[in-house]
Amino acid sequence: MNKKKLKAIHIHTDYKFVNDSYLFDGELFENEIIIFQNKEPFNGSFKHKPILLNYRIRDIKKAIKICKNSDLVVLYDLNMIKCLIALALPDKVKVAWRFFGYELYRRKIELFLSEKSFKFIQQRKKKIYYPLLKIYHYLNYKYIFDKAVKRINYMLVLSNEEYSFLKNNWENLPEFIQLPHIFFEETLSIPDTKKKGTNTPPTIVIGNSRNSYNNHLDVIELIDNNPAKSNYNFTFLFNYGPTGQYYKEVKKRVQNKPYFNLLEDFIPLEEFNEFYQNISALVINSYRQMAAANIFLALRNGVKVYLNDKNVFMQWLKNEGFIVFSFADFDKDLKDGNIQLDYETAEKNLEKLKQFSKKYTNEDFQKVIYDKIVNN
């Protein structure tokens with residue numbers, strides 16, 4: 001017997017994540033997409049025709065009116081507009097927050113920045129004058145954010161390990177629902193790892209963006225002090241994120257050093273997989289969960305992945321049976337020339353990815369949410 005579809009409204013303000021709405025495609029949800037446009041109008045390809053709105057009071061009211069007639073509203077991150085929408089909805093409408101990370105992690109940055117990163121950020125803050133109006137807006141957002149979190153029913157998070165960590169630091173969070181595992185086809189095979197060994201010099205990717213959570217400064221210092229540094233090409237993914245003082249500091253520290261390369265040009269999605277086929281290692285020196293898509297893409301392509309032991313993502317991957325390496329091993333591996341996976345280990349990671357993707361699918365995820373709404 002076919003189940004009655006629930007009406008779900010998906011609200012986006014960041015164009016890069018609009019396709020995340022596809023996670024709800026299937027037999028259980030009738031989906032409608034609302035996109036609040038920024039200065040550049042949305043012109044992406046999307047199979048559901050979205051409702052395009054602007055940052056105006058009347059458009060926010062329009063979105064609220066649409067959402068009031070739904071069963072579920074999914075908020076993709078939790079900025080001021082989405083907080084206001086959540087607070088305006090009646091209790092009969094269930095609200096899910098697709099957690100991006102920054103919403104909470106930036107509240108306790110001292111936990112997620114290395115000593116070098118934190119010291120630099122704090123020094124810059126002392127030199128910046130914040131007008132009273134800016135401080136007022138921040139406090140107002142913080143108050144509304146906290147109220148919205150209490151109103152929200154479900155928090156969509158990548159793993160139970162991350163949610164447990166968040167819960168230990170922020171007690172009053174919505175009920176946890178795990179996001180589905182990324183999908184990998186059974187027919188996939190890894191690229192020839194021997195070809196990577198012929199790259200001269202081998203390419204090691206550092207970080208996933210310009211964000212300070214990558215703790216680039218520690219990685220740069222480690223590489224600068226390593227006697228084998230000239231044997232490698234260290235490529236920083238630097239085409240996304242803020243361009244403030246931290247960004248300028250990283251650029252300054254890698255300047256005129258031939259073993260460093262800043263990749264600042266946008267890489268189309270269809271070319272990103274090919275990019276990862278040609279690298280030997282990926283280093284994410286973050287203390288918080290981030291760059292999940294990059295990490296899975298690296299594992300899919302036989303890349304050796306280094307993560308910081310403080311990162312809950314590291315523990316999650318190990319719990320799931322993946323073979324990943326600690327940032328603490330990176331320095332020695334550079335000296336020893338051991339920065340590439342052997343074929344057997346690379347193949348094990350790919351097979352684990354295939355098993356992993358079957359373990360908790362989009363359909364499983366949808367059923368969990370559907371049952372919770374219906375049973376309530």
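What you see is a predicted model, and the numbers here were worked out from it, not measured in a lab. Position 1 is the first residue of the sequence; numbering continues from there.
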**Q** Using 30° and 60° as the class limits, which term best fits the ring planes of Tyr306 and Phe325: parallel, tilted or perpendicular?
**A** tilted
**Q** Have a look at His216 and tell me which of Phe120, Tyr247, Tyr246 forms a ring pair (Phe, Tyr, Trp, His ring centres under 6.0 Å) with it.
**A** Tyr246
**Q** Which heavy-atom pair separates Asn231 from Pro202 by the least distance, and what is that distance?
**A** O-CD, 3.2 Å
**Q** Within a 6.0 Å radius of atom NZ on Lys5, are there more than 12 heavy atoms belonging to other residues, nucleotides or ligands?
**A** yes
**Q** Quick one: is the NZ or CZ of Arg288 closer than 6.0 Å to the six-membered ring centre of Tyr213, and within 45° of its axis?
**A** yes
**Q** Please state whether the rings of Phe260 and Phe234 are parallel, tilted or perpendicular, taking 30° and 60° as the class boundaries.
**A** tilted
**Q** Verify the neighbour count for atom NZ of Lys167: are there more than 12 heavy atoms of other residues, nucleotides or ligands below 6.0 Å?
**A** yes
**Q** Is there a path from Tyr55 to Ile64 through hydrophobic residues (I, L, V, M, F, W, Y) whose side chains come within less than 4.5 Å of each other?
**A** yes
**Q** Kindly say whether Thr203 contributes a backbone atom to a donor-acceptor pair with the side chain of Tyr232 at under 3.5 angstrom?
**A** no
**Q** Report the residues that fulfil ring-ring contact (aromatic ring centres under 6.0 Å, His included) with Phe176, sequence neighbours left out, ordered by chain and then residue number.
**A** Tyr163
**Q** Assigning hydrophobic clusters by single linkage (Ile, Leu, Val, Met, Phe, Trp, Tyr; side-chain heavy-atom cutoff under 4.5 Å), is Met290 placed with Leu111?
**A** yes
**Q** Are more than 12 heavy atoms from other residues, nucleotides or ligands located less than 6.0 Å from atom CG of Asp336?
**A** yes
**Q** With a cut-off of 3.5 Å and sequence neighbours excluded, list every side-chain donor-acceptor pair involving residues 87-97.
**A**
residue, atom, partner, partner atom, Å
Trp97, NE1, Glu103, OE2, 2.9

**Q** How would you list, by chain and number, every residue that makes a ring-ring contact (aromatic ring centres under 6.0 Å, His included) with Tyr360, sequence neighbours excluded?
**A** His181
**Q** Grab the two heavy atoms, one from Pro41 and one from Tyr15, that are nearest each other, plus how far apart they are.
**A** C-OH, 3.7 Å
**Q** Checking Phe184 now: which residues fulfil ring-ring contact (aromatic ring centres under 6.0 Å, His included) with it, not counting sequence neighbours?
**A** none
**Q** Start with the C-alpha gap between Phe17 and Tyr76, add the side-chain angles, then the distance that decides, and say whether ring-ring contact (aromatic ring centres under 6.0 Å, His included) holds.
**A** CA-CA 8 Å; Phe17 300 99; Tyr76 292 80; 8.7 Å; no
**Q** Minimum heavy-atom separation for Leu282 and Ile295, please, with both atom names.
**A** CD2-CA, 4.0 Å
**Q** Could you tell me the separation between the CG atom of Asp364 and the CD1 atom of Ile369, rounded to the nearest 0.5 Å?
**A** 12.0 Å
**Q** Between Phe365 and Leu179, is there a side-chain heavy-atom distance shorter than 4.5 Å?
**A** yes
**Q** Might you work through the salt bridge (charged side-chain N to carboxylate O under 4.0 Å, His left out) test for Arg253 and Glu221, ending with a clear yes or no?
**A** CA-CA 9 Å; Arg253 295 199 188 190; Glu221 183 177 285; 5.5 Å; no
**Q** Measuring from Glu264:CD to Leu237:CG, what's the distance to the nearest 0.5 Å?
**A** 11.0 Å
**Q** Just to verify, what does Val312 make a side chain to side chain contact (heavy atoms under 4.5 Å, CB included) with, not counting sequence neighbours?
**A** Glu162, Phe165, Gln289
**Q** Over all heavy atoms of both residues, which pair between Ala8 and Phe29 is shortest? Give the atoms and the distance, please.
**A** CB-CD2, 4.0 Å
**Q** Quick check: are there more than 12 heavy atoms from other residues, nucleotides or ligands sitting under 6.0 Å from CD of Glu115?
**A** no
**Q** Can you give me every donor-acceptor pair (side chain of residues 65-72, partner residue at least two apart or in another chain, under 3.5 Å) with its distance?
**A**
residue, atom, partner, partner atom, Å
Asn69, ND2, Lys65, O, 3.4
Ser70, OG, Cys67, O, 2.6
Asp71, OD2, Lys7, N, 2.8

**Q** Determine the minimum heavy-atom distance between Ala292 and Phe313, stating which atoms define it.
**A** CB-CE1, 3.8 Å
**Q** Would you say that more than 12 heavy atoms from the other residues, nucleotides or ligands in this model lie under 6.0 Å from the NZ of Lys257, or not?
**A** yes
**Q** Report the residues that fulfil salt bridge (charged side-chain N to carboxylate O under 4.0 Å, His left out) with Asp146, sequence neighbours left out, ordered by chain and then residue number.
**A** Arg107, Lys142
**Q** Is it the case that atom NZ in Lys108 sees more than 12 heavy atoms from other parts of the structure closer than 6.0 Å?
**A** yes
**Q** May I have all residue pairs that pass side chain to side chain donor-acceptor pair (under 3.5 Å) and include part of residues 22-33, sequence neighbours excluded?
**A** His10-Asn31, Asp25-Lys47, Asp25-His48
**Q** Taking salt bridge (charged side-chain N to carboxylate O under 4.0 Å, His left out) as the test, write out the residues that go with Lys354, two or more places apart.
**A** Glu351
**Q** Side chains of Phe42 and Leu52: does their closest heavy-atom pair fall under 4.5 Å?
**A** yes
**Q** Do Ile85 and Ile11 come close enough that some side-chain heavy atom pair is under 4.5 Å?
**A** yes
**Q** State which residues pass salt bridge (charged side-chain N to carboxylate O under 4.0 Å, His left out) with Lys367; sequence neighbours excluded, sorted by chain then number.
**A** Asp371
**Q** So, using side chain to side chain contact (heavy atoms under 4.5 Å, CB included) as the criterion, who are the partners of Glu171 when residues are at least two apart?
**A** none
**Q** Check step by step if salt bridge (charged side-chain N to carboxylate O under 4.0 Å, His left out) holds for Asp59 and Arg56.
**A** CA-CA 5 Å; Asp59 279 4; Arg56 297 180 296 206; 3.4 Å; yes
**Q** In terms of ring plane angle, is the pair Phe145 and Tyr141 parallel, tilted or perpendicular, where the classes change at 30° and 60°?
**A** tilted
**Q** Donor-acceptor pair, Asn214 side chain versus Asn211 backbone, under 3.5 Å?
**A** yes
**Q** Looking at Lys352 and Glu320, does any basic side-chain N land under 4.0 Å from a carboxylate oxygen?
**A** no
**Q** For Glu363, check salt bridge (charged side-chain N to carboxylate O under 4.0 Å, His left out) against everything at least two apart and list the hits.
**A** none
**Q** What is the minimum heavy-atom distance between Phe36 and Asn54, and which atoms define it?
**A** CD2-O, 3.5 Å
